[in-house]
Amino acid sequence: MNAVNNGNGADMTKRNGLPSARLTERDLVLGKKAAKYSAVICGVAFAACLGIAIYVLFSVPLGTRMPYSGQYGRSGIPMPFALLPALVVLSGLFRGSIKPKSHHMGKMTRGFLYSFGTAMVLGCVILQWVFAKSILIEGGALPA
């Protein structure tokens with residue numbers, strides 16, 4: 001990183017070509033806490049989604065399709081592919097939260113992580129639940 005002075009005596013660090021404020025020790029400590037929080041909720045959500053996927057895989061025939069009435073006259077999404085999106089997103093979020101410099105975040109980034117990150121993880125779990133429920137209904141394991 002290239003050191004840059006903003007003219008007021010404050011050191012700025014150049015990251016990706018854009019100057020950003022230098023992080024304080026407190027920012028790094030709070031960033032570690034936020035990264036750990038993100039890793040824990042992503043891990044718990046991944047385990048829950050994986051459990052839902054395994055339950056669905058053992059409860060309905062493998063040829064079951066999730067109902068979908070979209071373009072091209074397709075009859076539905078194959079069950080294994082319908083259960084993958086939430087797991088892929090959660091694994092990407094988890095991977096991002098355990099990187100060596102994942103704790104390098106300022107106040108705005110931490111706030112964004114706590115609010116939007118939690119909502120995104122919760123959305124993945126809800127998505128998995130809704131997809132699983134529709135597949136279980138279509139496969140006959142749950143009453144309509």
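FYI, the numbering just counts along the sequence from 1. Please read all numbers here as calculations on a predicted model, not as lab measurements.
Taking CG from Leu57 and OG1 from Thr64, the interatomic distance works out to 10.0 Å, rounded to the nearest 0.5 Å. Taking CG of Leu84 as the start and CD1 of Ile77 as the end, the distance is 11.5 Å to the nearest 0.5 Å. Here the CG atom belonging to Leu30 is positioned 11.5 Å from the NE2 atom belonging to His103, to the nearest 0.5 angstrom. The distance from atom CD1 of Ile54 to atom CG of Leu83, rounded to the nearest 0.5 Å, is 10.5 Å.
Clustering ILVMFWY residues whenever any of their side-chain heavy atoms sit less than 4.5 angstrom apart, transitively, puts Leu87 in the very cluster that holds Phe58. When hydrophobic clusters are built by joining Ile, Leu, Val, Met, Phe, Trp and Tyr residues whose side-chain heavy atoms come closer than 4.5 Å, directly or via intermediates, Ile135 is not grouped with Ile126. The cluster map of Ile, Leu, Val, Met, Phe, Trp and Tyr, joined by side-chain heavy atoms under 4.5 Å apart, puts Tyr37 and Val44 in different clusters. Cluster membership for Leu90 and Ile52, using ILVMFWY side-chain heavy atoms within less than 4.5 angstrom, is not shared. Residues Leu142 and Leu62 share a hydrophobic cluster, clusters being chains of Ile/Leu/Val/Met/Phe/Trp/Tyr side chains in contact below 4.5 Å.
The environment of Tyr55 atom OH is sparse: at most 12 non-hydrogen atoms of other residues, nucleotides or ligands sit within 6.0 angstrom.
Of the possible donor and acceptor atoms, one in the side chain of Gln128 sits under 3.5 Å from a partner among the backbone N and O of Cys49. The backbone N or O of Phe131 sits less than 3.5 Å from a side-chain atom of Ser134, completing a donor-acceptor pair.
Closest non-hydrogen pair, Ala132 versus Val56, comes out as CB-CG2, 3.5 Å. In terms of heavy atoms, Pro67 sits closest to Glu138 at CG-OE1, 3.4 Å. Taking all atoms of both residues into account, the shortest heavy-atom contact from Gly111 to Ser115 is O-OG, 2.8 Å. Pro61 approaches Met79 most closely through the heavy-atom pair O-CE, 3.7 Å. Shown here for Ala45 and Val121, the closest heavy-atom pair between the two residues is CB-CG1, 3.4 Å.
The shortest distance between side-chain heavy atoms of Phe46 and Leu93 does not fall below 4.5 Å.
Partner of Asp27 under the salt bridge (charged side-chain N to carboxylate O under 4.0 Å, His left out) criterion, chosen from Arg22, Arg110, Lys107, Lys33: Arg110. Each of Ser38, Ser102, Ser97 was scored for a side-chain contact (heavy atoms from CB on, under 4.5 Å) with Leu113, with one residue passing: Ser38.
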Margin query: Could you go through Met120 and Val89, starting from their C-alpha distance and side-chain angles, then the distance that decides it, and tell me whether this counts as side chain to side chain contact (heavy atoms under 4.5 Å, CB included)?
Written below: CA-CA 9 Å; Met120 197 165 166; Val89 170; 4.0 Å; yes
